[in-house]
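The shown structure was predicted, so the numbers you read here are calculated from the model rather than taken from an experiment. Chain letters run A, B, ... following the sequence lines, proteins first, then strands; residues in each count from 1. As a basis for the values below, the full set of heavy atoms in this structure was taken, side chains included, without hydrogen atoms, waters or symmetry mates.
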Amino acid sequence: MTKGLSVQNLTKAFGETRVLDDVSFVIEPGEFVTIVGASGCGKSTLLRILAGLEFSDAGSVTCSSHPIEGPGVERAMVFQDYSLFPWLSVMDNVLFSRRLSTNEDDNLALERGAEEARAQNLLSLIGLSKVKSAYPSQLSGGMRQRVAIARALMSKPAVLLMDEPFGALDAQTREVMQDLVLDVVREEGTTIVFVTHDVEEAIYLGSRVVLMAPYPGRIDSIYDVALPSPRTDDIRLEPKFMELKRRITSRVRETAAASFDGADPSSSS
Amino acid sequence: MVENLFAWDGRMIAMDAGRATKPRELEPAAGSGTPPNRRRPRLWAIRGTLSSKTYAAIAVLGIALPFLLWIGLLSLGAVPKLFMPAPIEVVGRFANWVTNEGFAADLWISVQRVTLGFALSLAIALPLGLLCGTFKPCEAFLEPAFDFVRYMPAVAFVPLMLLWCGIGEASKVSVIFIGTFFQMLLMFADDVRRVPMQQIEAAQTMGATSREILFRVILPSSAPALLTTSRVTLGWAWTYLVVAEMVAANSGIGYAILKAQRFLQTDKIFAGLIVIGLIGLLQDQFMRALRAVLFPYLKGR
Ligand SMILES: Nc1ncnc2c1ncn2[C@@H]1O[C@H](COP(=O)(O)OP(=O)(O)OP(=O)(O)O)[C@@H](O)[C@H]1O
Ligand SMILES: [Mg+2]
């Protein structure tokens, strides 16, 4: 059931601006890959192409060797900002995908009762079972983002695409959410592509960190995170972890600075 | 999964306990001179709130003031009686209208015309508006054409409608239809276009079909805006009704007002205007109540 992703020679431009330039990489089934890079280097665009919401100009994108031709249930996405349905309660938001015709006969094949049990489980996992009948407008920003994650997980997607899902959360909730996501991966074998600004978060979560550089958006380097796999909080203090963090952070700065030295097309005119 | 629940709870507790130093007790700022930090009701706070009592009091003032002005002008003798009757005369004339001059029949026929014209508009504009706001080909096909028609004043269609439909009900209903339909369609389409793209894309990544996105995301997401648009256009429907009745009718409130003018019954004109205002007020209150019932999730926003 787990699926991998493959991107070959991907190129994408919006008008004159090259947003992605010859991007290639392979993500193994069940792998957790994080993407970091300066603002505007095309991280969101890449993720949206993987989700099937945006299309490339050249190159190929496949999910377990099938070309991606549009959005699909097997590739769930958690957006940078809130995308909950305000007219539905928390519970109904989580159950939304299960009420769609296309999902009645998919791999999950849950009974009605089992669906609700799973939604209930996910809600307690994210610590929100008490507010399951509240409306999104009654929740805090962090709570809403947690609901969005539960909603994306509901259909047991093979691939979960996350675009800075914890950007708006406070440091503590953020760490709890990171462990939650790691738990889910371990239990369900979900392949995850996770975009973040936070290098520490990228190392903590990912088995590989992809560093992208801007103008034009491209892959600068890929770092293997050789750290013991069931991550614990202490790992953040290990010398290896801190060394990697230092290396990646300074490289992100270099690529961002290079883009300001005239490489940025918008500053040259 | 249940273990994870405890992991979550355990972590939260651990985090609380792990706080290195307890924050010092805050200095009690309750010096006798410092006022407590209570929210004081401020009348002119930006986006402030009012207690329902204060609100009602100010509203009554706003409604009563024109009446006081009216009475004031009369008692000064500044305007001739013929142009401006006293409130008591208007009430008397209205009572007479109800008992002897067939007010109920006038009201009934007017309400019928508005309802019919408005319902017809709504029934066609709603599906078309949904399509125009969702699918570009529909937009391209309809909107430029309708933008063109929209700027032709509906009132100018009255002679044409009289020619085409005669002086029967059809001409009145079609004037109301023309006056509301084009505007309504374009406003509905705009409402639909304002549905956040993230909501639509989230549904797409959960495997929703176009049909499901239309009915399970776009329609419920834009429903409050659609209701507001309907409320506004219902007001216009009354305007066009009166126009139609003044030009081409022998019944209805608009016709009654026109007839009153012929007989110099200024008091009846006043009564007719106030009746239309009251109907509008009632309708508005009803639509607002409907909004609260249909969209409980909007409460307090
Ligand atoms: N729909 C669009 N039309 C035109 N340009 C776009 C569009 N979407 C993105 N871009 C451009 O593509 C570039 C990459 O955008 P993208 O959102 O992928 O960056 P990002 O790496 O996610 O940035 P951030 O970290 O700030 O979220 C930016 O220069 C942006 O201006
Ligand atoms: Mg982004």
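- Note that the CG atom of B:Leu298 and the OG atom of A:Ser137 stand 7.5 Å from one another [nearest 0.5 Å].
- Counting non-hydrogen atoms of neighbouring residues, nucleotides and ligands closer than 6.0 angstrom, the CZ atom of A:Phe14 exceeds 12 such neighbours.
- Note on B:Pro220, B:Pro224, B:Pro196, B:Ala203: by heavy-atom pairs under 4.5 Å with chain A, the leading option is B:Pro220.
- Taking the side chain as every heavy atom from C-beta outward, A:Trp87 and B:Ser221 approach each other to under 4.5 Å.
- Other residues, nucleotides and ligands place no more than 12 heavy atoms under 6.0 Å from the CZ atom of B:Phe286.
- Here the CD-CG distance, from B:Gln198 to A:Leu53, works out to 11.0 Å after rounding to the nearest 0.5 Å.
- Contact check on B:Glu201 versus A:Arg48 returns a salt bridge, with a Lys/Arg side-chain nitrogen under 4.0 Å from an Asp/Glu carboxylate oxygen.
- Taking every heavy atom of both residues into account, B:Met206 and A:Phe85 meet most closely at CE-CE1, 4.0 Å.
- Between B:Thr205 and A:Ala51, the shortest heavy-atom contact is CG2-CB, 4.4 Å.
- Within the 4.5 Å cutoff, side-chain heavy atoms of B:Gln199 are placed close to those of A:Pro86.
- Although no hydrogens or angles enter the test, the distance criterion places no donor-acceptor pair under 3.5 Å between the side chain of B:Arg216 and the main chain of A:Phe96.
- The number of heavy-atom neighbours closer than 6.0 Å to CZ of B:Phe141, taken from other residues, nucleotides and ligands shown, is 12 or below.
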